Amino acid sequence: MAEAEIWDEDLCKACGACCDGSLFVQAKLAEGEEILPDMAEGFARNERGFSLPCPYFCETCTVYDIRPKICRTYGCDLLAAVKDGTTPYAEALQAVARLRAARAALAVHLPLAASSVPEAEQQFAAGYRTYPDLAAFQADNAQTIAAIKEMQDATRPFTHGKDTAISM
């Protein structure tokens, strides 16, 4: 196996942002692909996908050798940048560390972010509608808004700002 391929696998295993609910709400299965047993609970038949975070992700993929096709073929923008040489591997690992730190900080303010960042952000955004005015909402939630902004900034190397909240 070439050194770059080893780095790819190691980077993905060190990261897991596409599996742990940091970026997506669900992952879509290939046509005709069977789900793994523990994915059945979060399986959305109409979308042919399973809910994220993946039940087989525990700081790393526990079914790496038999993971679904989407998991084998998906590659985030950060991985693409490492592969094409525009981002050094060490810098990519720093981006992973920043993302994990941002997510942990966000979960302090939005506990749902510990399992699904997109859902936590959507729930928080819906909450502002109950406030009498936007300025009051911003003042009362300044730390949470700052944590959301840092999470969004931390995800940028993985997505280049594309909306990823729905599915991979």
Side-chain angles (χ1 to χ4, degrees), residues 11-30 35-36 38-61 67-71 73-82 87 91-168:
L11 181 61
C12 290
K13 285 182 177 180
C15 179
C18 58
C19 308
D20 70 7
S22 290
L23 302 175
F24 304 105
V25 173
Q26 73 170 0
K28 291 185 179 181
L29 294 173
I35 59 171
L36 297 172
D38 287 345
M39 292 176 174
E41 184 177 321
F43 185 68
R45 293 199 188 286
N46 59 334
E47 293 291 328
R48 288 283 311 148
F50 58 94
S51 299
L52 297 173
C54 178
Y56 292 103
F57 185 81
C58 185
E59 297 301 314
T60 192
C61 181
R67 66 199 187 280
K69 181 178 181 180
I70 186 66
C71 304
T73 60
Y74 176 77
C76 70
D77 290 348
L78 181 64
L79 180 61
V82 170
T87 299
E91 188 178 312
L93 288 177
Q94 290 172 345
V96 169
R98 179 183 181 195
L99 180 70
R100 286 186 175 210
R103 184 173 181 179
L106 181 59
V108 169
H109 301 285
L110 298 174
L112 180 58
S115 62
S116 176
V117 171
E119 287 180 355
E121 289 176 346
Q122 289 171 356
Q123 184 181 62
F124 178 74
Y128 93 88
R129 293 182 186 96
T130 64
Y131 270 71
D133 65 81
L134 182 59
F137 179 79
Q138 290 173 329
D140 292 345
N141 295 285
Q143 291 180 325
T144 303
I145 292 168
I148 289 171
K149 170 93 171 79
E150 172 57 18
M151 185 67 193
Q152 290 170 341
D153 289 347
T155 61
R156 197 158 283 111
F158 299 84
T159 65
H160 291 294
K162 291 180 274 190
D163 180 19
T164 59
I166 306 302
S167 63
M168 61 181 217

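Only a predicted model underlies this, so the values are computations on that prediction, with no experimental measurement involved. Count residues from 1 along the sequence. Only heavy atoms go into these numbers, but all of them, side chains included; no hydrogens, no water, no symmetry mates.
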Original post:
Are Asn141 and Tyr128 side-chain neighbours, meaning at least one heavy-atom pair lies under 4.5 Å?
Top reply: no
Original post:
So, do Leu110 and Ile148 sit near enough that their side-chain heavy atoms are less than 4.5 Å apart?
Top reply: yes
**OP:** Mind checking the CG-CZ spacing from Leu23 to Phe158? Nearest 0.5 Å is all I need.
**Re:** 7.0 Å
Subject >> Exercise: identify the closest heavy-atom pair between His109 and Ala147 >> reply: CD2-CB, 3.8 Å
**OP:** Compare all side-chain heavy atoms of Lys13 with those of Thr60 and state whether any distance is below 4.5 angstrom.
**Re:** yes
Original post:
What distance do Leu79 atom CG and Cys15 atom SG have between them, rounded to the nearest 0.5 Å?
Top reply: 9.5 Å
**OP:** Kindly check if the number of other-residue, nucleotide or ligand heavy atoms within 6.0 Å of CD (Gln138) is above 12?
**Re:** yes
Original post:
If you round to the nearest 0.5 Å, how far is OG1 of Thr155 from CZ of Arg103?
Top reply: 11.5 Å
Original post:
Mind checking whether Phe124 and Phe137 have parallel, tilted or perpendicular rings, split at 30° and 60°?
Top reply: tilted
Subject >> Inter-residue atom distance Asp140.CG - Ile145.CD1, 0.5 Å rounding >> reply: 9.0 Å
**OP:** Identify the two heavy atoms, one from Ala102 and one from Ala154, that lie closest to each other, and give their separation to 0.1 Å.
**Re:** CB-CB, 3.9 Å
Subject >> Arg98 and Asp153, any side-chain heavy atoms less than 4.5 Å apart >> reply: yes
Original post:
Is it true that Phe50 and Tyr56 have ring centroids separated by less than 6.0 Å?
Top reply: no
Subject >> Any Arg100 side-chain heavy atom under 4.5 Å of Ser22 side chain >> reply: no
Original post:
To the nearest 0.5 Å, how far apart are SG in Cys71 and CG in Leu29?
Top reply: 8.0 Å
Subject >> Which atom of Arg129 lies closest to which atom of Ala126, heavy atoms considered >> reply: NH1-CA, 3.0 Å
**OP:** Of all the heavy-atom pairs spanning Ala114 and Ala107, show the shortest one and how long it is.
**Re:** N-CB, 4.0 Å
Original post:
Looking at Ser116 and Val25, what are the two nearest heavy atoms and their distance?
Top reply: OG-CG2, 4.4 Å
Subject >> Considering all heavy atoms, the nearest Leu52-Cys18 contact >> reply: CD1-O, 3.5 Å
**OP:** Find the distance between CZ (Arg67) and SG (Cys54) and round it off to the nearest 0.5 Å.
**Re:** 11.0 Å
